[in-house]
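Numbers for residues simply follow the sequence, beginning at 1. Because the structure is predicted, anything quoted here is derived from the model rather than measured. Only heavy atoms go into these numbers, but all of them, side chains included; no hydrogens, no water, no symmetry mates.
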Amino acid sequence: QVHVEESGGGVVQTGDSLRLSCTASGRSFSNYNMGWFRQAPGKGRKFVVGIGDNTYYADSLEGRFTVSRDNARNTVYLQLNSLKPEDTAVYYCAASLLTSQDYSMNYYYRGVYDYWGQGTQVTVSS
């Protein structure tokens, strides 16, 4: 069992930045593929970014978000820049145990992630 926990959400204004953090338990963190999804009010949960051997981004982000990881700290970071009101959502972190090759072809599917955190709320006011 892997415990995943997000932190760093909050209320910010348009144009501000935030850094979300996600920790995952286990000795094999460096082997986990990690993803971030978000769910806006009344909408489905959508892929944002993924990181395994490579990084993967949703096309809609326009280069505003950056994912990174620190395996020594069992932590993945999501840097959110130039935030917009439409970025308001609950941001979820998840761990996938797929091989790197399989992950590279399926990172955007919710079903390939085995463990999920409870989410952290990001609210961007106009």
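- In the displayed structure, Gln39 atom CD is contacted under 6.0 Å by more than 12 heavy atoms of other residues, nucleotides or ligands.
- Residues Thr88 and Glu86 bring no donor and acceptor atom of their side chains to less than 3.5 Å of each other.
- Side-chain polar atoms of Arg38 and Tyr91 form a donor-acceptor pair below 3.5 angstrom.
- Between atom CG of residue Asn31 and atom OG1 of residue Thr99 there is a gap of 11.0 Å, rounded to the nearest 0.5 Å.
- Within the structure, every pair that satisfies the ring pair (Phe, Tyr, Trp, His ring centres under 6.0 Å) test and touches residues 17-37, not counting sequence neighbours, is listed here: Phe29-Tyr32, Phe37-Phe47, Phe37-Tyr113, Phe37-Trp116.
- Heavy atoms only, all atoms of each residue included: Thr75 and Ser21 are closest at CG2-CB, 4.3 Å.
- A single hydrophobic cluster is seen to contain both Val12 and Val48, as judged by linkage of ILVMFWY side chains at heavy-atom distances under 4.5 Å, directly or through other members.
- Tyr108 and Met34 are assigned to two separate hydrophobic clusters, defined by single-linkage of ILVMFWY side chains at heavy-atom distances under 4.5 Å.
- Neither Tyr107 nor Ile51 shares a network with the other; the hydrophobic side chains, linked directly or stepwise wherever heavy atoms of I, L, V, M, F, W or Y lie under 4.5 Å apart, form separate groups for each.
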| message | Under the criterion side-chain contact (heavy atoms from CB on, under 4.5 Å), I'd like the reasoning laid out for Asp87 against Leu80: C-alpha separation, chi angles, the key distance, then a yes or no. | response | CA-CA 9 Å; Asp87 295 316; Leu80 313 175; over 6 Å; no

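- In this structure, Leu61 is not a member of the same hydrophobic cluster as Val90, with clusters built from ILVMFWY side-chain heavy atoms closer than 4.5 Å.
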| request: Go through the steps for Val2 and Asp114 under the test side-chain contact (heavy atoms from CB on, under 4.5 Å), then give the verdict. | output: CA-CA 9 Å; Val2 176; Asp114 302 281; over 6 Å; no

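- Of the N and O atoms on the side chains of Ser17 and Asn81, at least one donor lies less than 3.5 Å from an acceptor on the other residue.
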Point to revise | Stepwise side-chain contact (heavy atoms from CB on, under 4.5 Å) check, Arg45 with Tyr92 | key: CA-CA 9 Å; Arg45 195 172 298 187; Tyr92 295 92; 3.4 Å; yes

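- Side-chain atoms of Arg69 and Asn71 form a donor-acceptor pair, as typed in the model, at a separation below 3.5 Å.
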